[in-house]
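These notes are about the structure you will find just below.
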Amino acid sequence: MVLMEKTYSPEDIEKKWNKYWQEAHCFEAKHNGKPTFTLFMPPPNVTGILHMGHMLNDVIQDVLCRWARIQGKDVLWIPGTDHAGIATQNKVEKVLKKEGLFRQKLGRKAFIERVQEWVKEHKHIIGDQMKSLGVSCDWNHSTYTLDPNYSRGVLTAFVKLYERGYIYKGKRLVNWCPVSQTALSDEEVIMKQTSAFLYTFRYAVVEKPGTFINIATTRPETIMGDVALAVHPQDTRYQTLIGLHAQCPFDASRVIPIIADEVVDREFGTGALKITPAHDPIDFDVGQRHHLPFIEVLDERGIVNAHGAPFEGMDRLQARKAVIEALREKNLLVEEKPYDHAVGYSERADVPIEPRLSEQWFVRYPKVEEAKQVAEKFFVKFWPQRWIKTYLHWLENIQDWCISRQLWWGHRIPVWYHKADKSIIHVSVDGPQDPENWEQDPDVMDTWFSSWLWPLGTLNWLDNKPETKQFFNDFFPANTLVSGPDILFFWITRMIIASLEFLDDRPLEQRIPFKNIYLTGIVRDSIGRKMSKSLGNSPDPLDLIKKFGADGVRVGLLSIAPQGQDIRFDERFLIQGRNFCTKLWNACRFRQMQGDIIPYRNLNDILNKIEHFGHLSIYDTHLLSILLKTMADYEKFLEKYEFSAAIKLLQQCFKNIFCDWYLEIQKHQTHTCLAVQDLFLTQMLTMLEPYAPYISEELYAQLHLNDCIIQESGWNINLLKQWAQAHKSYTENEIETIEQLRNLVSELRALKSKHGLASDKNVTMAVVLETKGKYTEYFHQHTELIKKLVGLKQIDEETKPKEGMPKTVTLWGTFFLVIDQTSTQDDTDAIKREIELLTKHIQSAEQKLANERFMSHAPEAVIVGVKKLLEDNIQKRDALKKLIM
RNA sequence: GGACGGUUAGCUCAGUUGGUUAGAGCUACUGGUUUACACCCAGUGGGUCGUAGGUUCGAGUCCUACACCGUCUACCA
């Protein structure tokens, strides 16, 4: 056998295992009658690249899947990609622009082909990136939202909802993106706090020459679309003006009525409002209530149209300035003051959206009440739980969903208009029998209208083949959905609604798409900013993997991913992750150096070998006790999605107990049972595998700890518990004794270190043991080991301590450093301070015990604890006092 | 404006139903290559738990108010 290298080099090992996993079909879902465990990976944009957020999500999901496999479940993890309508179309249009082309010139068919080409080129990128992270999803089930089957599901959903009366077409004011030139849903609009100006100008009142009415607005460029002025009906300032008319500033022929409406806020601005129903949601309502005309002055690009003369042809921002100048010239501008308010921006194009009157398709959400119920009854659980409030709040205030997009890339709306009479429409998945007489709606659907079917579509919900149906029933619903909270409404809530609606032949609790929702935090940079392209503060995940290894990245990332809190990312953590991998590697290398590596066939082989060895030392049983406790805690943490707590637990157990304590002891033992190390390592590597799969599998294989890989090894906590109990090697007493021994060793090392003798092994200590203490016996049992671990030539009770020797007082007794040069002064001061502190503690404990109310109220255990502490402190103080007398 | 988080050591964070003297990792400082590992080991230092009240025998933990940071949501044009 070749000795392992000193340092773990991830690259080759990652390659090796990726190849193995793929060739051995390790992650392909099969239902073998065991409990199933399903995960739907949130599909990234098909032409996107992996960012830090994906990485965190994917690693968390991978931990869940790998852990489920170890527990023996039948796991299905479905990956896939999203066609991402606007994002992808924008990208290709940018490319076209460079070629001097635009989509209209190309035509619909040619353009879509161009996009498909682009998708084909880029599709594999994000998948490859995920593979290098080590994700264990089933690529056979990989789904793309434009796959034929999936698309059929999307169209079917539209048709079903239409037939059930949940989809309608309406002319409404929608969020319009002038760059993408499409309508957007409310969720795709981001409100940004913006510094702007609030302009006040005056309208002349026609019936009362010389009288003016002041109006405040942030959007003067829509003045040409004004159709009325509105004041509050009870506003005393304007009573005499209601019913009169105002003169439009830029069109002498146009006068508009002054109306009263309760929507007007008397406190804001001048208390008078200009009404532009075609360009403002509130004005739209007022316009409808008062049967006012709708005048559009901006076109689909946000440019002033013919109705906006004399500003026709100007961009909306340009027009704003021009209008202000013109008003100033006409002496109508009264005031111009800075004003901060929130403005809606297009999520994709990052420009202010324009409320625009247009005809669109809308969804009235079905099953809203049921969606609330499944959360309230905990059929669906949120982690962290507080998100349920946000979820319910959104459902309470749910608005109809605008699903049509004026794009070409996506699922086309399955509606046809008769050429002879446009009012005759046909709605179906396959279209009319006589297509030549019909014209299909040009719009496509919001991408989220396909994403919300993800749990159904990836499992081919419409396929009636018995095996497909069986597969669906076996693996639906998913156990957990892992996602960032930013798409709670976009996606998660809608998936729940879709499943509730389309699986309506099932009882409510079986219609949910997933039982748990785990919402991750947002990955931020080290100073708390969101990671973004424009800030350039987002590292490339692939670079990080190259630098620290996939396992190092995974361990580092998850160790700072507490449940649902934002994460401050810093490479420091990945360094720690990588260092941990190296440590792990070297501990196994050390095991290899100790020799005697015989392939085990299973866990029982290891246990038999231990039994064959005969008597285990207290250090062995202590290690195994800690191991069992760690395994139990690990289970609990993962059950509660406490990923960072679980990995920190493993790191602590492995480094502090196994490496720095147990292995160091082994170096001083003559007769050691290597199978104990093997037992520890099998279980430790098993627990680490979900976090660090490559290195864990590699070491497991190198040490021949089993005849299968970890993923197939099973979780043996119950077997081990029984075994430990049968061999009486699990007792709290042992843990307690050894922990005290560890403390003692620390204190003695500190004593040496304080006097500059940290590494000097030619040191003698004298000890006066605590005669009443139970540790006297322990001391005699462990003397040799203490000598070696502390680095002493001698430690005994024969050597008589002399005045001025440096010393430390412990529960075991008082230990003296036998050296010539003394530092009495320093020591005395330190001891005095120590006595002072102890006295404080003693007084506080005595007060407590003298307090009748404490004695009558506090539980017995607390009182006993205080008494014990009091005793210990008094003992220690008395010993210290003797020293300085 | 509303809802929800957060505030504990220089930094990043643990701290379960109130219960003994508040923990970890990193950083800093000191010392160190002995059967693996300097991507290591040993040791030291560092906190009146955001502020002010309250409940309690006892509060980092529960209650009230305030301050600051953050997220979401609705925006008064």
Side-chain angles (χ1 to χ4, degrees), chain A residues 3-4 6-8 191 198 215-219 230 263-265 267-270 272-276 280-283 341-344 384 386-387 389-390 393-394 397 485-486 488-489 522 524 526 528 530 548 552 559-560 562 564-568 570 572-573 575-594 644-645 648 651-652 659-660 663-664 666-668 745-746 749-754 756-761 788-791 837-838 840-841 844-845 848 851-859 861-870 873:
Chain A
L3 185 64
M4 292 160 60
K6 251 188 176 184
T7 314
Y8 167 59
M191 301 309 287
L198 183 64
I215 305 289
T217 182
T218 55
R219 303 215 47 200
V263 80
V264 183
D265 181 348
E267 309 300 320
F268 187 86
T270 62
L273 179 62
K274 73 188 198 60
I275 302 296
T276 325
D280 183 278
I282 291 174
D283 296 7
H341 65 141
V343 176
R386 62 185 152 87
W387 285 106
K389 291 179 197 162
T390 313
H393 182 257
W394 188 75
N397 299 289
D486 48 333
L488 179 57
F489 308 136
I522 297 165
R524 300 171 172 282
S526 58
K530 247 182 177 171
F548 305 108
S559 71
I560 52 164
Q565 299 286 11
D566 285 0
I567 293 158
R568 295 223 176 181
D570 196 315
R572 267 189 357 209
F573 300 111
I575 292 173
Q576 285 175 45
R578 181 203 57 189
N579 292 356
F580 179 69
C581 290
T582 310
K583 185 82 181 165
L584 186 64
W585 182 263
N586 273 289
C588 293
R589 180 170 182 262
F590 184 49
R591 169 64 189 84
Q592 200 192 29
M593 287 166 69
Q594 293 172 89
S644 72
K648 280 178 184 165
Q651 288 179 310
Q652 199 210 331
C659 293
D660 297 342
L663 287 186
E664 289 308 315
Q666 294 319 302
K667 291 177 184 173
H668 303 293
V745 169
S746 270
R749 280 170 177 166
L751 181 63
K752 278 180 73 185
S753 188
K754 265 183 201 155
L757 299 168
S759 56
D760 189 343
K761 281 184 282 302
K788 285 184 171 139
L789 291 180
V790 179
L837 190 69
L838 284 170
K840 240 193 232 167
H841 294 326
S844 135
K848 266 183 197 165
N851 184 339
E852 257 177 58
R853 299 178 72 172
F854 173 76
M855 296 302 281
S856 57
H857 284 83
V862 173
I863 295 175
V864 169
V866 172
K867 279 183 181 163
K868 178 174 180 287
L869 195 69
L870 179 65
N873 283 338

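Residue numbering restarts at 1 for every chain, and letters A, B, ... go by the order of the sequence lines.
Heavy-atom nearest nucleotides on RNA chain B were determined for A:V866 and for A:Q594, and the one closer to the 5' end corresponds to A:V866.
Straight-line distance between the C1' atoms of B:U8 and B:U44: roughly 22 Å, to the nearest whole Å. To the nearest whole angstrom, the two P atoms, one in B:A65 and one in B:A14, are 26 Å apart. Nucleotides B:A9 and B:G46 have their P atoms positioned 14 Å apart, rounded to a whole Å. As rounded to the nearest Å, B:C57 and B:U20 have C1' atoms that lie 14 Å from one another. Here the separation of B:C49 from B:C62, taken at their P atoms, is 15 Å to the nearest Å.
A:N873 contributes a side-chain N or O that forms a donor-acceptor pair with the base of B:U21 under 3.5 Å. Judged by distance alone with a 3.5 Å cut-off, no donor-acceptor contact links the side chain of A:R386 to the base of B:C4. For A:K6 against B:A38, a side-chain-to-base donor-acceptor contact under 3.5 Å is absent. With hydrogens and angles ignored, no donor-acceptor pair closer than 3.5 Å exists between the side chain of A:E664 and the base of B:A42. For B:C4, its base never sits under 3.5 Å from the side chain of A:K389 at any donor and acceptor pair.
In the set B:G25, B:G19, B:U21, the nucleotide with an atom closest to the side chain of A:V862 is B:G19. For A:R524, counting side-chain heavy atoms from C-beta on, the closest listed nucleotide (B:G43, B:C26, B:U71) is B:U71. The A:F489 side chain lies nearest to B:C72 when the options are B:C72, B:C26, B:G70. Candidate nucleotides B:A36, B:G19, B:C37 were compared by shortest atom distance to the side chain of A:T582, and B:C37 ranks first. For A:V264, whose side chain is taken as the heavy atoms from C-beta onward, the closest listed nucleotide among B:G43, B:A77, B:C13 is B:A77. Closest to the side chain of A:T390, out of B:C75, B:C72, B:A77, is B:C72. Here the side chain of A:H857 is nearest to one of B:G19, B:C57, B:A77, namely B:C57. Ranking B:A77, B:C41, B:A36 by closeness to the A:K667 side chain, first place goes to B:A36. Between B:U21, B:C57, B:C75, one nucleotide has an atom nearer to the side chain of A:R853 than all others, and that is B:C57. Of the candidate nucleotides B:C37, B:C13, B:U35, B:C37 has the atom lying nearest to any side-chain atom of A:R589.
Rounded to whole Å, the distance from CD1 on A:I575 to P on B:U27 is 9 Å. Taking atom CZ on A:R572 and atom P on B:C26, their separation rounds to 10 Å, with Å as the unit. When the C1' atom of B:G58 is taken as reference, atom NZ of A:K848 falls 7 Å away, rounded to whole Å. Between A:N397 atom CG and B:C72 atom C1' there is a gap of 13 Å when expressed in whole angstrom units. Between the P atom of B:C39 and the OH atom of A:Y8 lies a distance of 18 Å, rounded to the nearest Å. If you take CD of A:Q576 and P of B:C13, they are 13 Å apart, rounded to a whole angstrom. If you measure from atom CZ of A:F573 to atom C1' of B:C26, you get 7 Å, rounded to the nearest angstrom. Atom-to-atom, CG of A:L751 to C1' of B:U44 comes out at 14 Å; the value is rounded to the nearest Å.
A:A216 comes within contact range of at least one nucleobase, with a heavy-atom separation under 4.0 Å. Counting any heavy atom pair closer than 4.0 Å across all strands shown, A:S856 reaches no nucleic acid atom. Contacts of A:T7 with the nucleic acid, taken as non-hydrogen atoms under 4.0 Å apart, include base atoms. Among the heavy atoms of the strands lying under 4.0 Å from A:I282 are primed sugar atoms or P, OP1, OP2 only; no base atom is included. As judged by a 4.0 angstrom heavy-atom cut-off over every strand, A:R749 is placed among residues touching the sugar-phosphate backbone only. A:C581 comes within contact range of no nucleotide atom at all, as no heavy-atom separation falls under 4.0 Å. Residue-level contact check: A:P859 touches the bases, meaning some heavy atom is under 4.0 Å from a base atom. Heavy atoms of A:N851 sit under 4.0 angstrom from primed sugar atoms or phosphate atoms, though from no base atom.
Closest approach of A:K583 and A:D660 over heavy atoms only: NZ-OD1, 4.1 Å. Counting all heavy atoms, side chain and backbone alike, A:K667 lies closest to A:F590 at CE-CZ, 3.7 Å. Closest of all the heavy-atom pairs between A:K274 and A:D283 is O-OD2, 3.1 Å. Scanning both residues, A:C659 and A:A587, for their nearest heavy atoms gives SG-CB, 4.1 Å. In plain terms, the two heavy atoms of A:N873 and A:H841 that are nearest each other are ND2-CB, 3.7 Å.
Taking the six-membered ring where tryptophan is involved, the planes of A:Y8 and A:W585 are tilted, since the angle between them lies from 30° to 60°.
A heavy-atom distance below 4.5 Å is found between the side chains of A:I863 and A:M855. Counting only heavy atoms from C-beta outward, the side chains of A:V862 and A:F854 approach each other to under 4.5 Å. Put simply, the side chain of A:L789 reaches to within 4.5 Å of the side chain of A:R749, judged on heavy atoms.
Phosphate contact (OP1/OP2 of B:C40, side-chain N/O of A:N579, threshold under 4.0 Å): present. Taking side-chain N and O atoms only, A:K583 has a distance below 4.0 Å to OP1 or OP2 of B:C41.
Under the side-chain contact (heavy atoms from CB on, under 4.5 Å) test applied with A:L273, the options A:T276, A:I275, A:T270 reduce to a single match, A:I275.
In RNA chain B, the stems built from three or more successive Watson-Crick or G-U pairs (distances below 3.5 Å) are B:1-7 with B:67-73, B:10-13 with B:23-26, B:28-32 with B:40-44, B:50-54 with B:62-66.
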